[in-house]
Amino acid sequence: MELNDIVRRCEDLYHDLDLTSVKEWKRRTGGKAVGFLPIYVPRETVHAAGALPVGIMGAGDDLEIIRGDAFYQSYICHIPRSTVELGLSGRLDCLDGFLFPAICDVIRNLSGMWKILFPDKYVRYLDVPQNFDERLGGVFYRQELAALFQDLCALTGRPASDEALRRSIEAYNENRRAIAELYRLRAEEPHRVPTYEHYLLMRASNVLEVTEHTALVDAYLAAARRENRPWRDNIRVILTGVFCEQPPLGLIRALEQSGCSIVDDDWVLGARYLREPVAAEGDPLDALVTSYLRRGTPTATRYIDEDAKGEDLIRRVRTLRAEGVIFASPSFCDPALLEAPMLQRALGAEKIPYTAFKFSENSGQLQVIKEQTGAFADSIKLWGAA
Amino acid sequence: MIHTLGIDVGSSAIKAVAMKLDDQGGGGTLAASHVNKIRKRSVKDVVLQVVERVLQEGGLSREDITYIATTGEGEMVDFRNGHFYSMTSHARGALFLSSSVRAVMDVGALHARVMLMDSRSKVLDHRMTSQCASGSGQFLENISRYLGVAVEDIGRLSLEADKPEMVSSICAVLSETDVINMVSRGVSTPNILKGIHLSIGKRLINLLRMVKAEGDVLVTGGLAQDAGLLAVLQSLALELGLKVRIAAHPQSVLAGAIGAALWGGYRYTKLKMKEAEV
């Protein structure tokens with residue numbers, strides 16, 4: 001598959017708010033589809049139940065919000081508005097269920113609204129532990145996962161089988177391997193993997209069946225290595241804060257155009273939330289629990305020691321030879337905005353340059369952000385150590 | 001000796017230069033330059049034409065160029081090596097054209113801004129026009145077309161004014177209405193043009209005051225060639241008692257491209273040194 005064909009396919013999937021690809025999958029397989037919101041849900045459970053996990057990350061700047069605004073105050077972020085709009089306009093009708101993982105109060109409330117708005121659909125608020133002791137949080141989380149898996153199997157009519165779960169874990173491990181390779185190639189040779197393409201490829205993981213997505217990433221990697229793209233004198237930056245509401249495509253392009261090569265990010269974080277493969281032997285639910293407790297990404301919704309998050313960011317800056325950090329926070333996103341000062345303090349102590357701005361998924365005025373990141377890139381290139 | 005290319009993609013014209021630098025990326029002489037208006041053509045095509053012309057004039061080939069740097073809207077030039085922000089490039093270009101400069105007034109087709117800088121051309125502060133019609137260059141060009149005046153004649157005619165009439169400084173649409181009224185009232189073309197210069201000039205001088213500029217100020221961008229605007233800026237600065245000397249350079253329009261090319265040379269040698277260290 002040629003590079004342009006892969007990118008075009010990903011673009012089509014990104015803009016397909018009607019979830020045509022999901023409907024096609026359902027027609028082809030006769031299976032059910034279960035939606036989920038950011039950041040992390042154990043997609044293995046959905047997959048093992050025979051359903052297609054479908055990540056919904058709002059509607060970007062592709063949809064005018066008409067009814068969604070009536071559900072939220074003006075000081076609430078944008079993703080729940082566009083999600084409601086997608087739901088009420090019938091675009092998510094092909095989803096037989098919807099999972100709302102614990103991320104913030106807004107999303108928790110959205111799960112309640114969803115139950116009222118769509119009473120005939122399976123809706124579950126997935127509570128995740130904030131106690132990382134296996135005897136406490138671990139036991140709780142295992143019960144949550146077991147109940148979730150039972151529910152999903154009841155929805156699809158499949159038996160709740162450990163063997164099916166193990167096979168799904170293996171499939172997702174393979175996907176994590178491909179995604180890790182994608183991130184590695186971009187960090188080593190950013191000019192080979194433009195941020196725009198990288199992002200679209202990650203977004204495709206939301207709607208494609210996992211093995212299909214793995215094959216697509218592998219095909220992209222092979223094509224990107226073949227492609228002769230000019231080297232770019234950009235600064236290497238880590239982008240953080242985009243774990244839930246996503247920046248519009250124009251903003252993602254603008255960051256790179258302004259002279260920043262993104263070498264790590266937290267967009268579509270659910271696809272690589274577990275940093276290592278999950279054990280495919282033994283009790284599969286235990287394996288998922290252990291991975292969540294021990295190998296989850298230190299992000300805003302994980303209430304761990306604040307120093308640990310700063311240390312993790314600094315370690316990534318050093319390992320990836322990043323020259324700066326960009327904090328891109330969705331407007332009114334409490335998790336991102338409350339996290340940023342703690343991370344900035346850690347960076348400041350290490351004299352690592354950073355810049356911060358806010359966006360919304362439908363931001364149209366990008367010039368100011370472009371000027372800010374452009375000036376940031378120049379300050380590092382011309383007056384910094386880069 | 002190395003050669004670098006600087007391409008400044010503006011909203012109405014493409015400016016490109018080839019610079020000859022020493023092996024350390026220092027020194028710097030202008031080897032070739034070319035400016036071409038976009039005039040509703042494909043920007044990419046005009047960029048390619050301008051670049052080819054510069055290479056030809058400089059007796060260079062693409063292979064002789066060690067670093068291709070863009071500025072302005074040059075992010076869409078896919079054969080670039082690096083891109084520099086407009087303020088950074090204009091400051092560096094201004095310093096190249098006049099070593100005593102400590103502030104730059106960049107007046108382009110769609111925007112105007114003032115930058116305060118140090119002796120290394122590091123930007124210390126800046127202000128941009130924020131209102132509609134801040135794009136004074138394009139506005140002036142539109143008005144000259146309505147008046148049947150060639151763009152090159154605007155400055156000369158403005159200098160002939162004896163009783164200028166001010167136009168609205170808020171909005172391009174209102175200003176255009178002002179001009180139509182003036183024409184119907186029989187106000188002479190020089191007086192209309194000087195009125196526009198005064199309107200633009202007051203806002204630019206205000207930007208200079210806001211950054212607390214002192215000493216030599218270089219006007220860059222397309223309007224640097226407008227003698228009428230320059231005269232207005234100088235007289236307004238004098239009236240307001242600002243401690244500045246405002247001037248333009250014959251190559252002011254190339255400041256962005258020159259700055260980008262010089263920064264490109266700097267980056268090339270810096271990266272080479274880093275590579276050697278590794």
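Here is the naming used below: chain letters follow the sequence lines, and residue numbers restart at 1 for every chain.
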Next on the checklist: Between B:Arg267 (side chain only) and A:Lys381 (backbone N and O only), is there a donor and an acceptor less than 3.5 Å apart?
Outcome noted: yes
Next on the checklist: As an exercise, state the distance from CG of A:Leu382 to CH2 of B:Trp263, rounded to the nearest 0.5 Å.
Outcome noted: 4.5 Å
Checklist entry - Any Lys/Arg nitrogen of B:Glu75 or A:Arg253 sitting under 4.0 Å from an Asp/Glu carboxylate oxygen of the other? => result no
Report, one line per pair, each donor and acceptor closer than 3.5 Å where one atom sits in a side chain of residues 344-352 of chain A; sequence neighbours left out.
residue: A:Arg345; atom: NH2; partner: A:Glu306; partner atom: OE2; Å: 2.4
residue: A:Glu350; atom: OE1; partner: A:Arg318; partner atom: NH2; Å: 2.7

Checklist entry - Is there any residue in residues 80-98 of chain B with a non-hydrogen atom under 4.5 Å from a non-hydrogen atom of chain A, and which ones are they? => result B:Arg80, B:Asn81, B:Gly82, B:His83, B:Phe84, B:Tyr85, B:Thr88
Item to check | A:Met342 atom CE: more than 12 heavy-atom contacts under 6.0 Å | outcome: yes
Checklist entry - When you check the side-chain N and O atoms of A:Asp233 and B:Tyr268, is any donor under 3.5 Å from an acceptor? => result no
Checklist entry - For atom CD of A:Glu64, is the number of surrounding heavy atoms from other residues, nucleotides or ligands below 6.0 Å larger than 12? => result no
Checklist outcome for this item: Contacts satisfying salt bridge (charged side-chain N to carboxylate O under 4.0 Å, His left out) that involve residues 254-265 of chain B (not counting sequence neighbours) are none
Item to check | side-chain contact (heavy atoms from CB on, under 4.5 Å) partners for A:Arg192, two or more places apart | outcome: A:Leu185, A:Glu189
Checklist entry - Around atom CD of B:Gln56, are there more than 12 heavy atoms of other residues, nucleotides or ligands at under 6.0 Å? => result no
Checklist entry - Has A:Glu181 got more than 12 heavy atoms of other residues, nucleotides or ligands less than 6.0 Å from its CD? => result yes
Checklist entry - Is the number of heavy atoms from other residues, nucleotides or ligands under 6.0 Å of A:Arg275 CZ greater than 12? => result yes
Checklist entry - Under the side chain to side chain contact (heavy atoms under 4.5 Å, CB included) criterion, do B:Met76 and A:Gln257 qualify, and how do the steps go? => result CA-CA 8 Å; B:Met76 35 74 97; A:Gln257 286 174 343; 5.8 Å; no
Checklist entry - Tell me, do A:Arg229 and B:Asp78 make a side-chain contact under 4.5 Å, heavy atoms counted? => result no
Next on the checklist: Around atom CZ of A:Arg315, are there more than 12 heavy atoms from other residues, nucleotides or ligands closer than 6.0 Å?
Outcome noted: yes
